[in-house]
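To start, the structure under review is shown below, and the notes come after it.
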Amino acid sequence: LDSLPNFLIVDTTSKCNLKCMMCWQVAVSEEESPRQHLSHKVLAEAVAVRDALTRVNFHGSGEPLLNVHFADIVGEFRDRVDYMETCTNGTAVTRKNATKLLEAGLNVIRFSCDGDNAESFERLRCGASFEKFIDNVKLTVALKQQLGSKSHIGFNFVVSRESWRELPGVVKLAESLGLDFVAIFAYIKMG
C-alpha cells in the first residue's frame with residue numbers, strides 16, 4: 001500500500017443473539033459464514049496500524065457485547081485514535097459491561113432501535129424484549145451520568161417498509177430517555 005487506512009472497522013464478533021429481519025445473518029447460514037469472535041491474529045494486525053487511524057468502528061456483523069473482551073479490544077486503541085464508536089442491539093447489556101463500555105473511551109455508543117413499542121420492536125428485532133432493551137438503555141444512560149462519561153449515546157434506526165412509520169415515535173422515545181441523537185440508516189435487502 002502507498003498509505004495506511006485512516007478508518008477501520010474492527011468487528012469484535014460475528015456472533016449474535018438475535019435474528020433481526022434486516023440482518024445479513026438471516027440470509028446467510030452459519031455453514032456459509034461461521035460465526036466467531038475476533039481472532040488474536042486479526043486484532044494484532046489492526047493494532048499494528050492504529051497510529052495511522054483517525055476513526056475506528058467496533059461493530060460490523062454481530063453483537064459486540066457478546067465478546068467478553070470487547071472493552072479490552074477498544075482499550076488497545078484508546079488515546080491513539082480520535083474517534084471510536086460501536087453499535088449494540090442492547091440485549092446483552094449488564095451493569096458490568098455497560099460500565100466497561102463507558103470507561104473504554106468510546107465517542108459514540110449506538111443502540112439499535114427500529115420500533116417505538118414492544119410489538120413493532122420485537123417483530124423487527126426477533127428474539128429481543130423491548131422492555132429489557134429500554135431498561136438496558138436507561139441503565140447505560142444512568143451509568144454515563146454517574147461515571148461522568150463523555151460518550152454520546154443514541155439510537156440507530158434502520159428505515160424499512162416495516163419501520164418507517166415508527167421513526168417519529170423512536171425520536172420521541174430517544175428524547176424521553178435522554179439520548180443524544182437518532183442516526184437513520186437505509187435498509188439494504190439481503191439475499
Side-chain angles (χ1 to χ4, degrees), residues 4-20 22-25 28 30 33-114 125 127-128 133 136-137 139-141 143-144 147-158 174 177 179-186 188 190:
L4 293 172
N6 66 352
F7 170 65
L8 194 61
I9 296 173
V10 178
D11 196 1
T12 59
T13 189
S14 58
K15 295 181 179 195
C16 194
N17 55 342
L18 301 181
K19 295 290 181 197
C20 301
M22 72 291 276
C23 182
W24 70 271
Q25 292 199 24
V28 179
E30 192 159 353
S33 179
R35 312 310 193 250
Q36 56 195 6
H37 291 318
L38 178 69
S39 72
H40 295 291
K41 178 184 180 291
V42 173
L43 176 59
E45 290 172 358
V47 168
V49 300
R50 70 182 168 198
D51 290 334
L53 301 173
T54 58
R55 180 177 174 179
V56 180
N57 182 344
F58 294 98
H59 172 259
S61 61
E63 170 49 43
L65 295 181
L66 294 182
N67 186 330
V68 296
H69 302 291
F70 179 79
D72 298 327
I73 293 167
V74 174
E76 292 284 344
F77 297 85
R78 185 179 37 244
D79 302 325
R80 306 292 273 278
V81 177
D82 297 333
Y83 181 87
M84 301 186 303
E85 70 176 53
T86 196
C87 183
T88 174
N89 65 33
T91 61
V93 171
T94 64
R95 177 174 290 279
K96 182 178 178 180
N97 68 19
T99 299
K100 285 183 174 185
L101 192 63
L102 291 161
E103 291 175 340
L106 291 161
N107 300 82
V108 171
I109 301 167
R110 302 171 192 256
F111 285 87
S112 296
C113 184
D114 307 305
R125 300 262 164 205
F133 171 79
N136 289 344
V137 172
L139 170 66
T140 306
V141 170
L143 287 170
K144 173 188 171 180
L147 298 169
S149 169
K150 293 186 171 140
S151 295
H152 296 282
I153 300 175
F155 282 156
N156 254 17
F157 182 88
V158 177
L177 294 170
L179 300 184
D180 300 308
F181 64 90
V182 175
I184 302 167
F185 295 88
I188 300 169
M190 302 293 167

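In this chain, numbering begins with 1 at the start of the sequence shown.
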Using the side-chain contact (heavy atoms from CB on, under 4.5 Å) definition, which of the options Val74, Leu101, Val108 pairs with Thr86? Leu101
What I'd like to find out is whether the side chain of [X] reaches to under 4.5 Å of the side chain of [Y], using heavy atoms alone.
{"X": "Val93", "Y": "Phe133", "answer": "no"}
{"X": "Pro64", "Y": "Phe70", "answer": "yes"}
{"X": "Asp180", "Y": "Lys144", "answer": "yes"}
{"X": "Ile153", "Y": "Leu102", "answer": "yes"}
{"X": "Val137", "Y": "Leu179", "answer": "yes"}

Give me each pair satisfying salt bridge (charged side-chain N to carboxylate O under 4.0 Å, His left out) with a member in residues 84-106, each pair once, sequence neighbours excluded. Arg55-Glu85, Glu85-Arg110
Would you compute the distance between atom [atom1] of [X] and atom [atom2] of [Y] and round it to the nearest 0.5 angstrom?
{"X": "His59", "Y": "Thr12", "atom1": "NE2", "atom2": "OG1", "answer": "8.0 Å"}
{"X": "Phe111", "Y": "Asn89", "atom1": "CZ", "atom2": "CG", "answer": "9.5 Å"}
{"X": "Ser61", "Y": "Ile9", "atom1": "OG", "atom2": "CD1", "answer": "10.0 Å"}

Do [X] side-chain atoms and [Y] backbone N/O form a donor-acceptor pair below 3.5 Å?
{"X": "Thr140", "Y": "Ala98", "answer": "no"}
{"X": "Asp114", "Y": "Arg125", "answer": "no"}
{"X": "Asn6", "Y": "Thr54", "answer": "no"}
{"X": "Asn67", "Y": "Thr13", "answer": "no"}

